Amino acid sequence: MCGRAYHTYSAEELSVAYLNRRPLKLTVAPNFNMAPTQESPLVLVREDLRQIEPARWGLVPGWAKTLAEASKYSLFNARGEEIAEKRTYAKAFRERRCVVPLSGFYEWLTPASGPKRPHAIARKDGAIMSVAGVWSSWKASPDAEPVQSFSIVTTAANTFMSAIHDRMPVILDERDLDTWLDPEIQEPERILPLVRPCPPEWLTAHEVSRDVNSVRNNRPDLVLPAGG
DNA sequence: CCAGACGTTGTT
DNA sequence: GTCTGG
DNA sequence: CCAGACGTTGTT
DNA sequence: GTCTGG
């Protein structure tokens with residue numbers, strides 16, 4: 001479902017969207033073809049304050065001994081239907097929720113015959129898409145540098161997305177961000193209701209070039225309508 | 001009790 | 001670390 | 001998610 | 001076919 005994405009926003013746009021214009025402590029370069037293992041800005045709350053920090057796409061759980069071990073388990077997506085029960089995600093879902101700010105994501109339509117056709121999906125209003133995630137901080141050894149990582153929460157496709165694919169990321173309403181990000185809110189009955197498909201009218205989509213298939217390609221035109 | 005898994009998607 | 005399976 | 005590798009020995 | 005890497 002959600003294994004490729006892009007972001008073209010500036011640091012200032014992120015600051016306005018999430019930090020009430022506080023400056024970011026990281027530089028933001030556009031990524032027109034972001035894949036698992038790559039870094040993305042992440043919004044999370046530390047000591048009652050929202051922060052934006054870089055993190056690796058693909059959760060590295062505490063029990064992993066190596067990055068390679070973690071990458072065997074496709075932890076770049078977490079099924080929302082089961083996230084509260086799965087041993088790899090349950091604790092992060094209670095205590096370490098985050099928002100992945102995206103300009104949009106890619107989804108491949110699989111025709112009855114012929115090659116898969118990639119589409120870019122974005123918010124119709126042009127706003128930064130607040131995708132629900134869970135994060136982790138992992139160390140290879142006690143004195144190693146911590147690796148921050150995240151997984152994107154997925155759900156069933158809404159009526160808009162189902163024309164392309166049967167799954168989609170959880171896209172949060174701005175009004176739900178504080179609840180989602182608050183690490184002190186841990187009751188499933190308060191956070192599980194946010195894990196649902198967004199209204200279909202929020203979204204727009206267009207087919208893009210199959211050049212996006214290869215992560216070696218990373219150009220501004222990848223996000224544009226195919227052939228345009 | 002210990003050992004071993006721990007995940008998703010898509011396709012058949 | 002925690003759950004599942006035997 | 002898709003693309004690309006998938007291995008060993010011996011020599012530089 | 002299956003795993004690894006981006």
Side-chain angles (χ1 to χ4, degrees), chain A residues 1-7 29-40 54-96 100 102-122 129 131-142 146-147 149-157 161-171 186 188 195 197 205 207-219 222-223 226:
Chain A
M1 55 58 26
C2 193
R4 213 68 78 79
Y6 63 96
H7 58 80
N31 188 342
F32 307 96
N33 199 355
M34 183 170 79
T37 74
Q38 295 181 354
E39 280 204 340
S40 171
R56 173 189 166 102
W57 188 4
L59 194 84
V60 185
W63 47 261
K65 289 169 201 71
T66 61
L67 288 180
E69 184 187 12
S71 66
K72 282 180 186 162
Y73 291 99
S74 294
L75 305 179
F76 58 90
N77 282 167
R79 287 181 66 87
E81 294 90 333
E82 296 129 24
I83 189 170
E85 283 86 41
K86 292 279 185 179
R87 46 193 185 280
T88 298
Y89 294 123
K91 192 176 170 102
F93 181 65
R94 265 183 277 116
E95 303 173 2
R96 297 187 308 274
V100 188
L102 298 178
S103 299
F105 59 95
Y106 297 110
E107 208 70 79
W108 278 257
L109 182 150
T110 306
S113 67
K116 291 189 175 189
R117 295 160 56 187
H119 291 66
I121 296 94
M129 190 181 271
V131 168
V134 291
W135 66 277
S136 160
S137 185
W138 173 88
K139 287 179 176 189
S141 64
V147 175
S149 62
F150 69 92
S151 185
I152 285 178
V153 182
T154 70
T155 187
M161 279 304 303
S162 63
I164 302 171
H165 201 71
D166 63 347
R167 305 287 299 168
M168 66 183 290
V170 171
I171 301 166
Q186 300 188 356
V195 181
E207 187 163 3
V208 298
S209 164
R210 289 199 293 120
D211 286 356
V212 81
N213 288 12
S214 175
V215 297
R216 292 182 307 181
N217 296 323
N218 202 320
R219 310 182 307 261
L222 291 182
V223 309

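Note that the coordinates shown come from a computational prediction; the quantities given were computed from them, not determined experimentally. Per chain, numbering begins at 1; letters A, B, ... match sequence-line order.
- Residue A:D166 is in sugar-phosphate contact alone, with no base atom involved, counting any heavy-atom pair closer than 4.0 Å across all strands shown.
- Counting any heavy atom pair closer than 4.0 Å across all strands shown, A:A78 reaches sugar-phosphate atoms only and no base atom.
- The residue A:P61 sits apart from the nucleic acid: no heavy atom pair falls under 4.0 Å.
- A:S71 comes within 4.0 angstrom of nothing in the nucleic acid, heavy atoms only.
- Nucleotide B:dT9 holds its C1' atom 13 Å from the CD atom of A:E82, rounded to whole Å.
- In this structure, A:Y89 reaches the sugar-phosphate backbone alone: every heavy-atom distance under 4.0 Å involves primed, P, OP1 or OP2 atoms, never a base.
- Contact annotation: the side chain of A:M161 never approaches that of A:P197 to less than 4.5 Å [non-hydrogen atoms, C-beta and beyond].
- Within the 4.0 Å cut-off from OP1 or OP2 of D:dG4, at least one side-chain nitrogen or oxygen of A:R216 is found.
- Between A:F150 and A:W57, the ring planes are parallel. Angles under 30° get that label, and only those over 60° would be called perpendicular.
- Note that the OH atom of A:Y106 and the CG atom of A:N33 stand 5.5 Å from one another [nearest 0.5 Å].
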Note to self: Determine whether A:R219 and A:D211 satisfy the following criterion, side-chain contact (heavy atoms from CB on, under 4.5 Å), listing intermediate values before the conclusion.
What the structure shows: CA-CA 10 Å; A:R219 310 182 307 261; A:D211 286 356; 3.1 Å; yes
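- Between the C1' atoms of B:dA3 and E:dG6, the separation comes to 34 Å (whole Å).
- Nearest approach of A:Y89 to A:S151, heavy atoms of both residues: OH-OG, 3.7 Å.
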Next item on the list: Evaluate side-chain contact (heavy atoms from CB on, under 4.5 Å) for A:F93 paired with A:V195, printing each intermediate quantity in order.
Entry: CA-CA 11 Å; A:F93 181 65; A:V195 181; 4.1 Å; yes
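- Comparing atom distances between the A:R4 side chain and each of D:dG4, D:dC1, B:dT9 picks out D:dC1 as nearest.
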Next item on the list: Scan nucleotides 1-6 of chain C nucleotide by nucleotide, 5' to 3', and note B when protein non-hydrogen atoms come under 4.0 Å of the base, S if they reach only the sugar-phosphate, - if neither.
Entry: BBBS--
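- A:L109 places its CG atom 14 Å from the C1' atom of D:dC1, with the value rounded to the nearest Å.
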Check: Would A:R56 and A:T37 count as a side-chain contact (heavy atoms from CB on, under 4.5 Å) if you check the C-alpha gap in whole Å, the side-chain angles of each, and the deciding distance to 0.1 Å?
Finding: CA-CA 6 Å; A:R56 173 189 166 102; A:T37 74; 3.9 Å; yes
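- Remark: the separation of the C1' atoms in D:dC1 and B:dT11 is 16 Å, to the nearest Å.
- If you check every strand for non-hydrogen atoms under 4.0 Å, A:T110 touches sugar and phosphate atoms only.
- Pairing each heavy atom of A:G80 with each of A:R167, the nearest pair is N-NH2, 4.5 Å.
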Check: Where does DNA chain B pair, written as one dot-bracket string 5' to 3', with Watson-Crick or G-U pairs under 3.5 Å, ( ) inside the strand, [ ] for crossing pairs and | for another strand?
Finding: ||||||......
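- As rounded to whole Å, 14 Å separates atom P of B:dG7 from atom CD of A:E81.
- The side chain of A:R167 lies closest to B:dT9, out of B:dT8, B:dT9, D:dC1.
- Between the CD1 atom of A:I152 and the P atom of B:dG7 there is a distance of 18 Å, rounded to whole Å.
- For the pair A:K72 NZ and B:dG7 C1', the computed distance is 13 Å after rounding to whole Å.
- Atom C1' of nucleotide B:dG7 and atom CZ of A:R79 are separated by 11 Å, given to the nearest angstrom.
- What separates CG of A:D211 from C1' of D:dC1 is a distance of 16 Å, to the nearest Å.
- Rounded to a whole Å, the CG atom of A:L75 is 12 Å from the P atom of B:dT9.
- In terms of heavy atoms, A:C2 sits closest to A:P169 at SG-CG, 3.9 Å.
- Atom name P, nucleotides E:dT2 and B:dT12: the rounded distance is 14 Å, in whole Å.
- The two residues A:T88 and A:W63 come nearest to each other via the heavy atoms OG1-CZ2, 3.7 Å.
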